[in-house]
Structure formats: structure tokens, C-alpha cells
Amino acid sequence: MDKKATTRKDDYSKWYNDLVHNADLAEHSDVKGCMVIKPYGYAIWENMRDVLDKMFKDTGHSNAYFPLFIPKSYLSKEASHVEGFAKECAVVTHYRLRATADGKGVEVDPDAKLQEELIVRPTSETIIWNSYRNWIQSYRDLPILINQWANVVRWEMRTRLFLRTAEFLWQEGHTAHATKEEAIAETEQMLRVYADFAENYMAMPVILGRKTHSERFAGADDTLCIEAMMQDGKALQAGTSHFLGQNFAKAFEVKFADKSGKLDYVWATSWGVSTRLMGALVMTHSDDEGLVLPPKLAPIQVVAVPIYKTEEEFHRIEEKFMALGKELKAKGIRFKFDGDDNKRPGWKFNEYEVKGVPIRLAMGPRDLENGMVELARRDTKEKSSISFETALATVEQLLLDIQSNLLERSKLHRANNTFEVDTYEEFKQRIDEGGFFLAHWDGTEATEELVKNETKATIRCIPFTEHPVPGKCMVTGQPSAQRVIFAKAY
RNA sequence: CGGGAUGUAGCGCAGUCCGGUAGCGUACACGUCUGGGGGGCGUGUGGUCGCAGGUUCGAAUCCUGUCAUCCCGACCA
């Protein structure tokens with residue numbers, strides 16, 4: 001492990017990569033663009049997954065599983081869908097290998113060519129809607145509210161750990177409804193679920209909004225999203241919820257009979273978040289010392305480190321910590337006592353700092369003598385000495401404080417890096433500083449494209465707002481209904 | 001797919017220009033002193049130098065080919 005990590009200021013990109021390695025979250029595999037998610041990183045993902053899964057179930061959804069492989073013909077049924085994904089699909093063409101002539105290796109058996117090639121799913125709309133056709137006949141069969149936890153493959157040209165990998169883990173919700181209104185309500189509901197998760201668990205503030213036509217999901221009539229700001233001021237799309245209209249129902253001939261017996265196509269939504277959220281989590285809170293985790297998602301919330309010389313001292317401290325640990329665990333707090341004699345206390349301090357454990361407790365002979373324990377919080381790096389008697393209550397409260405402090409800190413950072421601009425000149429001058437730029441836009445793809453080509457900034461979303469304030473497009477001067485968010489994005 | 005760079009011990013690197021016994025840091029193993037912020041000292045293990053050819057008495061080093069990865073673009077969650 002590198003003793004000295006790269007700082008954010010030096011090289012934000014390298015800082016991120018080093019951090020992911022040093023915190024033992026993930027590493028590159030030998031397969032291009034694919035990563036190995038290591039146990040500590042996977043534990044964080046599991047926490048995210050568990051919380052989200054409960055949220056989905058609380059909103060009436062059930063989990064199911066559909067095949068990894070999709071017949072090639074399915075993908076061509078929805079025109080814009082195929083256009084959006086065709087260029088990044090992995091394709092299975094054969095089903096067997098054979099030994100090479102020299103007997104030293106294997107090769108694809110040319111006789112084992114598939115009649116119809118199989119696509120490794122880049123997303124599951126097509127195979128799921130092919131099933132829904134058989135599941136839906138009547139309005140009584142609706143709605144269908146299904147979620148799938150799965151891996152998908154998108155053959156990206158350039159990848160980054162967690163943020164963009166060729167294979168990634170995600171969840172994809174796929175719902176079917178009798179009415180347009182119900183489907184739209186579902187789309188909005190799930191966006192709010194994502195926003196709730198981002199803010200209240202990841203401590204990551206997000207802006208809810210709508211994608212422009214050109215940024216929409218391939219096959220959607222409307223794409224809603226949550227956008228977060230990373231510490232370098234770049235935007236990260238953290239989750240999307242799509243209103244698919246009747247596009248997939250039409251492509252897969254999924255009709256239902258309503259109460260009057262009239263046949264109509266089913267209305268659809270799909271929504272997803274991925275392991276990309278891991279990257280978002282890292283880039284939202286972490287500092288030059290390492291990972292910083294919000295308590296609600298930290299695999300270890302409190303770590304206890306004993307400081308001792310003799311075995312007798314160790315046992316007395318261990319006893320104290322284990323008693324405290326039992327009480328903490330009873331309150332649902334994830335506690336670890338690190339009694340590893342092979343590592344010295346200083347080493348452990350750094351280890352848990354790099355791994356972002358929210359609270360560290362340390363106790364040595366002096367503390368033992370005085371009935372005290374040293375408490376260090378990861379977010380502010382403050383250390384204090386507290387009475388052991390009060391440790392339980394202090395820790396319990398502090399976890400809540402850290403959780404809210406991280407959210408407040410991120411909100412402040414976003415506020416400090418969000419700017420209103422009214423002229424394209426100013427926009428071009430300042431866009432490289434990073435941040436969100438609220439500007440008026442005439443609503444045309446031409447203007448959007450122009451800005452993108454000239455500045456590399458895109459419209460992240462048209463934010464939801466109760467009271468839209470009209471104005472004039474910063475580029476063309478044409479009327480604009482409200483300000484939209486321009487930013488450079490991951 | 002365009003531009004740039006790199007493949008040498010588990011990890012991070014030097015050595016390559018100018019060919020001549022495979023090096024350093026870290027990690028790992030053992031011993032010892034230690035222990036309140038990544039310890040000190042000592043001993044030791046670990047390498048087909050990405051792969052394939054070629055030049056040479058001799059190649060990590062020179063030549064040709066090839067594969068892979070990373071960074072910057074284009075594409076994208």
C-alpha cells in the first residue's frame with residue numbers, strides 16, 4: 001500500500017484511483033474494463049443494496065430474475081433502443097470450445113456456432129417485456145412491479161473503477177401499468193426513492209430533474225434523474241427513472257383488456273442505480289487521507305483499538321471494549337474490536353482512517369487508569385477524550401452527527417460551486433472552474449449541441465422547480481422557461 | 001478508433017540512451033528491542049525482465065513483429 005496518497009489538488013483522477021486501491025475497495029482485473037470488487041468494497045455495496053431493496057419492497061415491488069442472454073432479434077424490436085446500445089454490446093456466437101491441434105490450449109469450435117447470436121444484456125427491457133407479453137392479458141394483471149438485481153455488460157471504450165466499467169452491478173426496476181398517469185407517477189415515485197437514498201443514506205445531496213431529449217435513455221419518452229456534484233465540481237448522474245410510454249409494449253405486442261373490454265398497449269417504466277454509486281460515495285466525502293464513509297453505509301461504524309504493552313493490559317482493555325461492543329451491537333451499531341497483535345496501534349489508526357471508519361476508539365493503560373477512552377471522528381478528524389461510562393451514548397449520538405455533518409458539508413460545497421450565469425461569454429470563461437452553472441436555454445438541441453462542442457459541458461438536467469422563472473437563452477437570446485443545469489460530467 | 005506513455009519480485013519503481021553476474025523501496029518469513037499516529041536493528045524467501053522472432057561470444061538493454069494496460073480525446077450510467 002502506498003504510504004503517501006496523491007492529493008485531490010495534485011491530480012483528482014489519480015487521487016480517486018489511489019483511494020479505491022488503498023481503501024481496498026476494488027482493483028483492475030486482467031479483463032479489460034472489468035474490476036474485482038474486494039470484500040470491503042462489496043460490503044459497502046451490500047449495505048446500499050439492502051437499504052434500496054427494502055425501499056423497493058416498501059413501495060410494493062418484488063424481485064425477480066431474467067436471463068443474462070438476450071436473443072439478438074429482441075434488441076432490434078425497439079428502434080431507438082437498439083440505436084442506443086448496439087455499439088457497446090458483447091455478443092455470444094458459439095457455445096463450445098475444443099482442444100487445439102497441438103493439445104496445449106483451447107479454441108472456439110467452429111462447428112458450435114449459434115443459430116441466433118445472444119447478446120449479453122446491457123439492460124433488460126427487451127427480454128423482460130418479451131415475458132410480460134405472456135403475463136398480461138387484463139387490467140387485473142396490472143400493475144406489474146418488478147425489480148431485478150443483476151450484472152450487465154456495456155462494452156465501453158474507456159472505463160474507470162466503479163464510475164464506468166464494462167461489467168457492472170445494478171438494479172433495474174421494470175414496471176407495467178394500465179394508465180399513462182399511473183406509469184408517470186411510478187417514474188416520479190422511484191426518482192424520489194433514489195433521492196431519499198442519496199441524501200439520507202449516502203449523505204449526498206442531489207438535484208432532481210428531467211433529462212433533455214438528447215440525453216434521454218434509448219427507448220424512453222421521458223428520463224428523470226438525480227444529479228450530484230463531486231468534489232472537483234463535475235456532475236455525476238447518480239440514478240435515472242424512465243417513463244417508457246408504450247414503446248416497449250408496442251415493440252413486444254403487450255396489450256391488455258380494460259374494464260370495458262377494450263384492448264390497449266401497456267404503459268411502462270424502468271429505473272436503475274448501479275455500482276457507480278460507489279464512485280459517487282467516494283468522490284463526495286473522501287479527503288486526502290482516504291475514504292470517508294457515512295455511518296449508515298459503513299461496514300464498520302466503530303472500531304476499537306487497544307494500546308498495551310503486556311498481555312495483562314491487553315486483556316483488561318479487551319474486556320472493557322468487548323462489553324461496550326456488546327452494548328453497541330445491541331443497538332444495531334456495527335462494531336469491531338481490533339485485537340490483532342501483529343499490527344501496532346499507529347498502523348491501525350491509519351488503516352481505519354484510509355478505510356473511512358466513522359468513529360475510532362482507542363484505550364491504553366493511562367485511559368484504563370482514568371476510566372477514559374479516546375474518541376476520534378473520521379469526518380472532521382477531531383479527537384477527544386471521553387469518560388468510558390458515557391461512551392455508549394456519545395458514540396450513538398456522534399454517528400448521527402457525522403451522518404448529518406457529511407450531508408451538510410456536501411450541500412455547502414455544492415452551494416459554493418453553483419452559479420447563475422446570463423451570458424455565454426461568462427459561461428465559457430468560467431465553465432472550466434467546475435461546478436453547476438444555472439443558465440437559460442432556448443430548449444433546442446442545436447443550442448445544446450453547440451455548447452457541448454464548444455465547452456464540453458452538457459445540460460445535466462432541467463431541474464424540477466415549483467416556481468420557474470423565465471428568461472432568455474444565454475446563447476441565442478430566445479425565450480427560456482427556466483434555468484437548466486450545465487456542467488461537465490463524469 | 002485517433003494522440004501520448006508504460007510493461008522488470010505480491011505492490012511501487014530504478015536499470016534500457018552507451019549490451020557484460022537482476023537491483024532498490026515496500027510487502028512477506030524468522031529473531032530481537034518495541035508499542036499513545038503507518039517502528040528500529042539483524043537475517044532470509046521471492047524474478048521464464050509482457051510474448052515471439054532476429055542481431056551478437058553474450059540481450060532487461062539493440063532490431064522486427066505482436067499482445068496488453070494506463071492517460072488524453074471521440075462514445076457512454
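Remember, it's a predicted structure, so these values are computed and weren't measured experimentally. A note on names: the letters A, B, ... follow the listed sequences, proteins ahead of strands, and every chain is numbered from 1. The analysis underlying the following values was restricted to heavy atoms, covering all of them including side chains, and did not include hydrogens, waters or symmetry mates.
G44(B) and G25(B) are spaced 14 Å apart, taking the P atom of each and rounding to whole Å. G37(B) and C28(B): their C1' atoms are spaced 24 Å apart (whole Å). Only the P atoms considered, G42(B) is 26 Å distant from A22(B), to the nearest whole Å. Spacing between U34(B) and U16(B) at atom C1', rounded to whole Å, works out to 43 Å. Taking atom C1' in both G7(B) and G47(B), the straight-line distance is 14 Å, to the nearest Å. Atom name C1', nucleotides C49(B) and A59(B): the rounded distance is 11 Å, in whole Å. Look at the P atom in both U61(B) and A9(B): the space between them is 15 Å, to the nearest Å. Nucleotides G35(B) and C17(B) have their P atoms positioned 50 Å apart, rounded to a whole Å.
Y40(A) and W45(A) have their aromatic ring centers separated by at least 6.0 angstrom.
The distance between atom CG of D341(A) and atom C1' of U34(B), rounded to the nearest whole Å, is 11 Å. Summarising the geometry, the separation between OH on Y352(A) and P on G38(B) is reported as 16 Å, rounded to the nearest angstrom. Rounding to whole angstrom units, OH of residue Y16(A) and P of C70(B) are separated by 14 Å. The distance between atom NZ of K343(A) and atom C1' of C28(B), rounded to the nearest whole Å, is 10 Å. In this entry the distance linking CZ of R160(A) with P of G73(B) reads 10 Å, nearest Å. The distance between atom CG of N453(A) and atom P of G73(B), rounded to the nearest whole Å, is 15 Å. Atom NE2 of H28(A) and atom P of C11(B) are 14 Å apart (whole Å). The interatomic distance linking D24(A) (CG) with C11(B) (P) rounds to 14 Å, in whole Å.
Remark: A60(B) base-pairs with no nucleotide in the shown strands. Criterion, Watson-Crick or G-U wobble with two distances under 3.5 Å. With a cut-off of 3.5 Å on both pairing distances, the Watson-Crick or G-U wobble partner of G73(B) is C1(B). With a 3.5 Å ceiling on both atom-pair distances, U16(B) lacks any Watson-Crick or G-U wobble partner. Nucleotide U21(B) forms no Watson-Crick or G-U wobble pair with any nucleotide shown, as no partner meets the under 3.5 Å limit on both distances. In a base pair of the Watson-Crick type (N1 to N3 plus N6-O4 or O6-N4) or a G-U wobble (N1-O2 and O6-N3), with each distance short of 3.5 Å, U66(B) is matched with G50(B). Shown here, A29(B) forms a base pair with U43(B); the pair counts as Watson-Crick or G-U wobble because both key distances fall under 3.5 Å. Across all strands shown, G37(B) remains unpaired; no Watson-Crick or G-U wobble contact has both distances below 3.5 Å.
Heavy-atom nearest nucleotides on RNA chain B were determined for T240(A) and for M363(A), and the one closer to the 5' end corresponds to M363(A). Comparing S13(A) and Y490(A), the nucleotide of RNA chain B nearest to each residue sits closer to the 5' end for S13(A).
Here the closest non-hydrogen pair linking S286(A) and R8(A) is O-NH1, 3.1 Å. Minimum interatomic distance between V108(A) and R98(A) (heavy atoms only, all atoms of both residues): O-NE, 4.5 Å. Looking at every heavy atom in both residues, V451(A) comes nearest to F427(A) through CG1-CE2, 3.6 Å. Across all their heavy atoms, N147(A) and G173(A) have their closest contact at OD1-N, 3.7 Å.
Listed candidates were A77(B), C28(B), G37(B). Nearest to the side chain of F349(A) is G37(B). Checked against G37(B), A77(B), G36(B), the side chain of A362(A) finds its nearest nucleotide in G36(B). When distances are taken from the side chain of V354(A) to each of G36(B), A77(B), G38(B), the shortest belongs to G38(B). Here A77(B) is the nucleotide among A77(B), G35(B), G38(B) with the atom lying nearest to any side-chain atom of S274(A). Picking from G35(B), G38(B), A77(B) the nucleotide with the shortest atom distance to the side chain of R154(A) gives A77(B). Of the candidate nucleotides A74(B), A77(B), G37(B), A74(B) has the atom nearest to the side chain of K456(A).
At the heavy-atom level, N342(A) lies nowhere under 4.0 Å from the strands shown. Counting any heavy atom pair closer than 4.0 Å across all strands shown, T165(A) reaches a base atom. Residue-level contact check: R360(A) touches the bases, meaning some heavy atom is under 4.0 Å from a base atom. L236(A) comes within 4.0 angstrom of no nucleic acid atom, judged by non-hydrogen atoms across all strands. Within 4.0 Å (heavy atoms only), K383(A) reaches at least one base atom of the nucleic acid. Residue-level contact check: E156(A) touches the bases, meaning some heavy atom is under 4.0 Å from a base atom.
Counted by atom type alone, N151(A) and R121(A) present one or more donor-acceptor pairs between their side chains at under 3.5 Å. Under 3.5 Å, the side chains of H61(A) and E186(A) contain a donor-acceptor pair of N or O atoms.
Note that K211(A) lies outside the cation-pi zone of F217(A), set by a 6.0 Å cut-off to the ring centre and a 45° limit from the axis. Relative to the ring axis of Y74(A), K77(A) places its NZ or CZ within 45° and under 6.0 Å from the centre. Taking the ring centre of F349(A) as origin, the terminal cationic atom of R360(A) falls inside the region bounded by 6.0 Å and 45° from the ring axis.
If you check residues 364-379 of chain A against RNA chain B, the residues with a heavy atom closer than 4.0 Å are G364(A), P365(A), R366(A), D367(A), E374(A), listed by number. Only I307(A), Y308(A), K309(A), listed by number, bring a heavy atom of residues 300-321 of chain A to less than 4.0 angstrom from any atom of RNA chain B.
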Under 3.5 Å, which N/O atoms of the protein pair with N/O atoms of nucleotides 4-8 of chain B?
none

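Using a cutoff of 4.0 Å between basic side-chain nitrogens and carboxylate oxygens, R377(A) and D379(A) are scored as salt-bridged. Classification of K452(A) and E448(A) as a salt-bridged pair fails, no side-chain N sitting under 4.0 Å from a carboxylate O. Salt-bridge formation is detected for the pair K381(A)/E353(A): a Lys NZ or Arg NE/NH1/NH2 atom is positioned less than 4.0 Å from an Asp or Glu carboxylate oxygen.
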Would you please test F248(A) and H81(A) for ring-ring contact (aromatic ring centres under 6.0 Å, His included) and show each step? CA-CA 9 Å; F248(A) 285 91; H81(A) 190 66; 5.0 Å; yes
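Between the base of G36(B) and the side chain of R344(A) there is no donor-acceptor pair shorter than 3.5 Å. In this model, no side-chain donor or acceptor of E353(A) finds a partner on the base of G38(B) within 3.5 Å.
Between F337(A) and F321(A), the two ring planes are tilted [angle within 30° to 60°].
The closest side-chain heavy-atom distance from L163(A) to Y16(A) is below 4.5 Å.
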